[in-house]
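For reference, the structure is listed below as structure tokens.
Just so it is clear, the model here is predicted, and its values are computed rather than measured. Below, chain A is the first sequence line, B the second, and so on; all start at residue 1.
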There are 2 protein chains.
Amino acid sequence: MEHVGTALAETTLPAISPLGGEPIERADAERLAGVLKALADPARLRLLSLIQSAPEGEACVCDLTAPLGLSQPTVSHHLRILTEAGLLEREKRGVWAYYRLVPTAIGAIADLLTPPRKRATKKAAR
Amino acid sequence: MEHVGTALAETTLPAISPLGGEPIERADAERLAGVLKALADPARLRLLSLIQSAPEGEACVCDLTAPLGLSQPTVSHHLRILTEAGLLEREKRGVWAYYRLVPTAIGAIADLLTPPRKRATKKAAR
DNA sequence: TGCGGATATGCAGGCGAATCAATGCTGTTG
DNA sequence: CAACAGCATTGATTCGCCTGCATATCCGCA
């Protein structure tokens, strides 16, 4: 592995809504698609949901394999995808690795998908 | 393909936010993942953006192949995916097929992704 | 009726993703 | 120190998707 860059936190996102004003660029489309692709998986959606609804808002891998019905390596794989996408953060305490949501991450995606509502994007109204 | 059902409009969506309360069910996760998967593609994001920013908010296939740099069958394919996901609606006028956004569709996804903010998920529960 | 343009569909190649088994690594416990 | 438990990584397999080419279908027009 190399670049464990959090596509959301660091690179931020396209910075322009795909439904805001002018057509989006190829590069922006690919970046946003990358984050959405991390979300577009049943197992990963359930992982986010499970972690969010866990006692302290955090969970370790051993707590997640059973409810998902997936093997431990597979769960680790999905958690890795979500973490690299900037949706999860990992904290290792002892033998356990605790994952929790990055609070603003999913909200940022939701904002990007929220069209020309009254969201003042500087008079981005086409 | 059979069922050209609009996963969003007709079947609606999970009805529960993946980040709302209790963990989401497998079926709901798969449904939401299905719609997100339709979004998680650079070409399709650009299609949505192009259509939304078109003169009348609508565009036909012939207007979309050039800016995307994809072949006509491929563009038709993507438009089909988006339409079946409930994100686009198709209207055939003469020889041309005009596509436009389903206004509430993407907003619905954004709402689902918007976490336990102060959003009252009172009604529509269940 | 026949021709041509605009879309949709079938088919196939190629790449990426999801999954699991096996293995390596690290920290805990006896 | 040795054995063990929790996670991550690698390799292999399977599956699905994106794309283009060829072809079929539909509609307006001469």
Side-chain angles (χ1 to χ4, degrees), chain A residues 1-4 7 26 29-48 50-51 54 58-85 87-100, chain B residues 1-4 7 26 29-30 33-48 50-51 54 58-85 87-100:
Chain A
M1 94 280 286
E2 47 313 79
H3 163 267
V4 195
R26 263 241 307 261
E30 292 186 3
R31 226 173 330 176
L32 179 53
V35 182
L36 287 175
K37 204 166 292 190
L39 268 179
D41 183 277
R44 291 196 280 268
L45 285 175
R46 295 187 71 198
L47 278 175
L48 292 176
L50 283 169
I51 294 175
E58 63 181 14
C60 59
V61 183
C62 58
D63 296 331
L64 299 170
T65 55
L68 273 187
L70 294 177
S71 70
Q72 174 267 316
T74 300
V75 172
S76 272
H77 167 71
H78 286 307
L79 291 172
R80 179 181 145 98
I81 303 279
L82 289 170
T83 303
E84 289 182 1
L87 301 174
L88 286 182
E89 55 188 11
R90 190 184 101 121
E91 181 194 357
K92 185 155 191 181
R93 292 203 299 270
V95 192
W96 296 275
Y98 290 92
Y99 289 86
R100 62 176 58 213
Chain B
M1 55 298 338
E2 21 349 59
H3 164 267
V4 195
R26 263 243 300 264
E30 292 186 2
V35 182
L36 287 175
K37 203 166 294 190
L39 269 179
D41 183 274
R44 290 195 282 268
L45 285 175
R46 295 188 70 198
L47 277 175
L48 291 176
L50 283 168
I51 293 174
E58 64 181 14
C60 60
V61 183
C62 56
D63 296 331
L64 298 170
T65 56
L68 274 186
L70 295 177
S71 70
Q72 174 267 318
T74 300
V75 171
S76 272
H77 167 72
H78 286 306
L79 291 172
R80 181 181 141 98
I81 302 279
L82 290 170
T83 302
E84 289 182 2
L87 301 174
L88 286 182
E89 57 188 11
R90 190 184 100 123
E91 180 195 358
K92 187 153 190 181
R93 292 203 299 270
V95 191
W96 296 276
Y98 289 92
Y99 289 86
R100 61 176 58 211

Problem set entry | B/Arg80, nearest nucleotide to its side chain (from C/dA6, C/dT9, D/dC27) |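 Of the candidates, C/dT9 comes closest.
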Exercise. Between C/dT7, D/dC7, C/dT28, which nucleotide has the shortest distance from any of its atoms to the side chain of A/Val95?
Worked result: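 Of C/dT7, D/dC7, C/dT28, C/dT28 is nearest to the side chain of A/Val95.
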Problem set entry | Close residues, residues 62-76 of chain B, relative to DNA chain D [heavy-atom separation under 4.0 Å] |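 Per residue number, the list reads B/Leu70, B/Ser71, B/Pro73, B/Thr74.
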Please state how far atom [atom1] in [X] lies from atom [atom2] in [N], giving the value in whole angstrom units.
X: B/Leu82; N: C/dA8; atom1: CG; atom2: P; result: 13 Å
X: B/Lys37; N: C/dG16; atom1: NZ; atom2: C1'; result: 12 Å
X: B/Leu45; N: D/dC18; atom1: CG; atom2: C1'; result: 14 Å
X: A/Leu39; N: C/dA17; atom1: CG; atom2: C1'; result: 16 Å
X: A/Trp96; N: D/dA5; atom1: CH2; atom2: C1'; result: 8 Å
X: A/Glu91; N: D/dG6; atom1: CD; atom2: P; result: 18 Å
X: A/Leu79; N: C/dA18; atom1: CG; atom2: P; result: 13 Å

Are [X] and [Y] side-chain neighbours, meaning at least one heavy-atom pair lies under 4.5 Å?
X: B/Ser76; Y: B/Gln72; value: yes
X: A/His78; Y: A/Leu70; value: yes
X: A/Asp41; Y: A/Ile81; value: no
X: A/Asp63; Y: A/Leu50; value: no
X: A/Leu32; Y: B/Leu39; value: no

Problem set entry | Distance (rounded to the nearest 0.5 Å) between B/Glu84 CD and B/Arg90 CZ |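 With rounding to 0.5 Å, CD (B/Glu84) is 11.5 Å from CZ (B/Arg90).
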Exercise. Of A/Ala40 and A/Lys92, whose nearest nucleotide on DNA chain C comes first from the 5' end?
Worked result: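 Result: A/Ala40.
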Exercise. Can you tell me if the side-chain N/O atoms of B/Tyr98 get under 4.0 Å from OP1 or OP2 in C/dA6?
Worked result: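 No, outside the criterion.
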Exercise. Can you find a side chain N or O atom of A/His77 that sits less than 4.0 Å from OP1 or OP2 on C/dT19?
Worked result: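 No, because none of the side-chain N or O atoms of A/His77 sits under 4.0 Å from OP1 or OP2 of C/dT19.
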Checking all strands, does [X] fall into the base, sugar-phosphate, or nothing category for heavy-atom contacts under 4.0 angstrom?
X: A/Arg44; answer: sugar-phosphate
X: B/His78; answer: sugar-phosphate
X: A/Arg90; answer: sugar-phosphate

For this session: Determine the minimum heavy-atom distance between B/Ile51 and B/Arg100, stating which atoms define it.
Result: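 Answer, listing the atom of B/Ile51 first, then B/Arg100: CG2-CA, 3.7 Å.
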